[in-house]
Structures are given as structure tokens and as C-alpha cells.
Amino acid sequence: MIRGARQASPGAARLFRHSRRLCSNRSRNGVEGPGTGKQDADGIHERGGEEGPHAGRIPPEVLLGMPPPPPGQRGGDDDDGENLRFASRYRSRRKYFEELSLEVDRIVKILLQDGPGFSARQALDEMNLRVSNELVREVLSRIVVSVDSVNRERFPRLAYKFFLWAGQQEGYHHSTGMYNLVMKVFAQCGEVKAMWRLLEEMTENGLSISARTFHLLICTCGQAGLRRRLVERFIKSSSFNYRPFRNSFNAILHTLLTIEQYSLIEWVHQKMLMEGHSPDVLTYNIVMRAKYMLGKLDQFHRLLDEMGKNGLTPDLHTYNILLHVLGKGDKPLAALNLLNYMSDVGCVPSVLHFTNLIDGLSRAGNLEACKYFFDEMMKKGCEPDVVCYTVMITGYVAAAELEEAQKLFDDMLVRGKLPNVYTYNTMIRGLCIVGEFDKACSMLKDMDLRGCTPNFSVYSTLVCRLRNAGKDAEANNVIKYMANKGQYLHLLSRFGGYRRC
DNA sequence: TTAGGGTTAG
């Protein structure tokens, strides 16, 4: 047993599981199911011993970004040579990734042993590795996904030790992406000062700074004042890799949108105008979304007008937000006109547009219009997907029309659309609302049967609703069910014993 | 990381 691994936290165990995680069948909600591999006494999963086409390693077709050609599909004498070349390339790439994965395993083991009496640096030197971008990225990525509350002091040090060592190897230079990965480890562990030091180092080394760097840093700024200062720094920075200036502003605005900093978007937009940079469609779309989120609908419409006056043509994103706004404002007729207009100007509405509209209408409580557009969408040959179904179901659940919700739920199964964790959560909540607790509980099991791993919210919804209905025994059964599967044990305390939610 | 859509409760 390696030293270091003996005290392995679940995060340390994940360091070894990560490559398998990539090749395992992830559940539809993106939440890991319980590990199925063998475990040793320390909780570190052994490699191998699995069956199936993806056992133990990243499927090469995933890494290659292309599927292997199905046997027989590329037949014909002329294709034989190409098939052979493809197969050979495929095999050599697979071998490369298998070897890479083994090297990463060894490096991780060495890093975990680092401490008094063991120099990880020396052990890494002795490996005589050829350091590549892929190798460094994979090691750092494993650390990123393995950080937890137990190792959050140790892992940044290990990551940085490896990062420093790798940066000193001949023929290898850290890229912006690699700095971002270490920064991500620091961010996860609250090492804010270290992140800023890395930023300085990137600048000193002449590396460009990306929107990702900005994203990582802005998330560490707790105060609005700090966020503004960071924005200013990025706008002025010659190493920020977006030029001309409008693109720098747009990159910043877009990042702010992803972290829901709507007021800051307004501020940056004003700054952009004051500095004389003209907005483009992307700028308008982002700022309009921010205005909508802030409830400033008058300004939203003013911007829309202004956009047209400035000669900018709305794009599919503009239509998306506009349809949602019309739906939320319960304006189905205007929405219908807009959909027709979109088709006329060659921007054919997609399932996303219909979903956005239906979502808005459902929030406005106009289920009749939701159903109308849902049917219209299908008439136009646009197949509703799981999100669209879920939006419709959510509308019916909100109106406590469970029969309709159930019909849609059944319909999506018939049409081969698998419900996901959002859909189940909504159905379970709806069934609880109308007092159908037995059905709600059986739906939880149905999820598992269909390979959809419940997330903690699903359990939480069910437990809280059961408790609020005075069904403490049933609630405890759900908690036991969850615990028996070994899921979310670290969150068990949130249920707070036997009290009501 | 220059883009789109969905749940809940805390």
C-alpha cells in the first residue's frame, strides 16, 4: 500500500477513479452513480476487473472525437486501404491514451506520497517522463475533480508542486489553459492570493489571459467594488486575448452573464458606451437578457428598438429571449406573429425557441397557449425533446393538473424520450402536491430502473413533502433507501433526523 | 468559455 493513499480521503480516491469516470456510463443528470468497481480497504478503487466495451479506460473513440467505423459499413474494395489506415491510426491513438492514463496514475501516486522523507520532485525526475500538454492537463484535471473538504489544503500544494516541476521540464512550456487549470484548483480551495500571483506570473511570462482566467478570478471577488476593479483591469490589459476592444467587452459581458452578475453587466455596458465602443448583436443580446432578469422590461424593449435603429439584425438568440418575454407577458398572439416572421426571414424556429416561449407562457399560467404551441411545434415537424416535455409538465404541475402532466410523461416515454432528473423531480413534486405519495415514491424507484440517478434535490423534495404531510415513517424509508445505495451520505445531516422540513 | 431552453429547497 502506498503511503499517502492510506489516509486517502474520498477526494484522493477520486484521483484514481477519474479516468474510469470518463469512460463510465454517466447518468443523464450528470451525477455520478455509486461506484461499481472493486474497492480496497482505503476506498481507493482498483483499476480493471470490469467488463464491457468501455472497461477501465477512456473509450478511445471519445478521445478521438470520432466513432470507430462500424464493421461492414465502409465496405468496398476502394475503401479497404482507407479502412486499414483508419484502424491503424485508431489503434495507435488508443495505445497512446492507455499509456498516458497509466503515467497519470503513477504521477498521482507519487504526488500523494509527497511529504517528509519522500520527495515527489525527485521521484518524478526518476520517471524520465516526456512531459506533454496532454499529460499535464490530465494530471491537473484529476486534481480538479478530486478536491474535497478533507484535502482542500493539501491538493493545491500538490497541484502547484507538479505544475512547477512540469514547467521546468525541457521542451515543455505551460499554456494559458494549464495556468487556468491550476487556478481552478486554487479557486476550489479558496487560495485567492495564489490565484492572483498566478495571474501576475502569466503576465510576466507573456502569456495571454483568457475569458476563463477572468471567470475564475471574478468568482473570487466577493464585493462589487472588487469585481469592477477586475473588469477594468481586464479591459485595459493588453494580454487579454480579445481584440478589438468590443470583443474584450463582449467576452467580459458574456462571462458576467454566466455568473448572473446582471447589475455588473449594466455597468460594463455603460462603460463600453462611454469609451466609444459600439455594441454588436452579442452585446445587445447579453444586455437585454440582463435587463429582463432585472425586471427592467421597458429598458429591454428600448434596447431592442435601438438595436434595429443601429442597423443590427436580430439573431436566433435575440428571438429566443424575445419569445420568452412575450410568453411571460402572456402575449401568445404577438409570439405567433414573431414565429411567423422568423420563418419569413429565414430564421426557422427550433425546439429551443418553442421551449422558451412555452416556458414563458407556463410561468404566466396560460396552459392553453402552451398546449397550442406544443402542438404547433409538432405540426411543423419539430420534435419536442426532454426539456420541452419537462417545461410542459412543469406547467401542469404548477397548476396541479397532474393528469395532464402524467399524460405528457407517458407520451414522452412512448416517443422514446427518456425523462431525466428534472422531469422526475417535477413529477415527484407534482404527485406529492396532489397527495399521491405512493406514486411519488414508486417514481423514485422507477428512476433508478431507467438508469437515471436521483440527485439530492429529488430526495430532498420527496422527504420534505412527506414530512410536511406527516408521513415521517415514509420519509425515513426514503432516507434509508438513499443511504443504502451509499448516495449523498455527506448530506444526510441536512435531513436533520426526524424533524419536519 | 463569444451563447440559447427546464426542477426544488435551502
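Every chain is numbered from 1, with letters handed out A, B, ... down the list of sequences.
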Can you pull out the residues from residues 275-307 of chain A that lie within a 4.0 Å heavy-atom distance of DNA chain B? A:Leu282, A:Asn285
When the distance from CZ of A:Phe495 to C1' of B:dT8 is rounded to whole Å, what number comes out? 12 Å
Any side-chain donor near an acceptor of the partner, A:Asn180 and A:Ser210, under 3.5 Å: yes
Hey, are A:Tyr459 and A:Gln487 close enough side-chain-wise for a donor-acceptor pair under 3.5 Å? yes
Which nucleotide, B:dT1, B:dG6, B:dG4, lies nearest any side-chain atom of A:Arg363? B:dG6
Is A:Ser457 touching bases, backbone alone, or none of the nucleic acid, heavy atoms closer than 4.0 Å? base
Under a 4.0 Å threshold between the charged nitrogen and the carboxylate oxygen, would A:Lys271 count as salt-bridged to A:Glu275? yes
Take the protein atom CG of A:Asp385 and the nucleotide atom P of B:dG5, then report the distance between them rounded to whole Å. 12 Å
N-O pairing of A:Asp359 and A:Arg363 below 4.0 Å: yes
What is the distance, rounded to the nearest whole Å, between atom CG of A:Asn247 and atom C1' of B:dT1? 14 Å
Quick one: label A:Thr423 by what it contacts on the DNA or RNA (base, sugar-phosphate, nothing), any heavy atom closer than 4.0 Å. base
Is a salt bridge present between A:Lys371 and A:Glu404, judged by a nitrogen-to-oxygen distance below 4.0 Å? no
If you check every side-chain atom of A:Arg465, which of B:dA3, B:dT8, B:dT1 has the closest atom? B:dT8
Fit a plane to each ring of A:Phe240 and A:Phe234, take the angle between them on a 0 to 90° scale, and name the class: parallel (under 30°), tilted (30 to 60°) or perpendicular (over 60°). perpendicular
Mind calculating the distance between OH (A:Tyr424) and P (B:dG6) to the nearest angstrom? 21 Å
Is any side-chain nitrogen or oxygen of A:Arg429 closer than 4.0 Å to OP1 or OP2 of B:dT8? yes
Just to be sure I understand the rule, does A:Asp315 reach a base, reach only the sugar-phosphate, or reach nothing, if contact means heavy atoms closer than 4.0 Å? base
Nearest to the A:Arg212 side chain among B:dG5, B:dT7, B:dT1, which nucleotide is it? B:dT1
In whole Å, I'd like the distance from the CG atom of A:Leu322 to the C1' atom of B:dG4. 14 Å
Can you sort out which residues in residues 389-408 of chain A have a heavy atom within less than 4.0 Å of DNA chain B? Ascending by number, please. A:Thr390, A:Val391, A:Thr394
I want to know whether A:Tyr262 and A:Tyr292 have ring centres closer than 6.0 Å. no
Rounded interatomic separation in angstrom, taking CD1 from A:Ile252 and C1' from B:dA3: 16 Å
Is there aromatic stacking of A:His317 on B:dA3 here, judged by a ring-centre distance under 5.5 Å and a plane angle under 30°? yes
Using a distance-only test with no angle check, is there a side-chain donor-acceptor pair under 3.5 angstrom linking A:Asn340 and A:Ser343? no
Using side-chain heavy atoms (C-beta onward) and a distance below 4.5 Å, is A:Phe300 in contact with A:Leu322? yes
Where along residues 351-359 of chain A does a heavy atom fall under 4.0 Å from DNA chain B? A:Val351, A:Leu352, A:Thr355, A:Asn356, A:Asp359
Find the distance A:Met412:CE to B:dG6:C1' and express it as a whole number of Å. 11 Å
Would you call A:Glu266-A:Lys291 a salt bridge at under 4.0 Å N-O? yes
For B:dG5, does the O4'-C1'-N9-C4 (purine) or O4'-C1'-N1-C2 (pyrimidine) torsion place it in syn, i.e. within 90° of 0, or in anti? anti
Do we see a donor-acceptor contact under 3.5 Å between the side chains of A:Asp148 and A:Asn151? yes
Any salt bridge linking A:Asp298 with A:Arg302? Criterion: basic side-chain nitrogen under 4.0 Å from a carboxylate oxygen. yes
NZ of A:Lys184 versus P of B:dT1: gap in Å, rounded? 11 Å
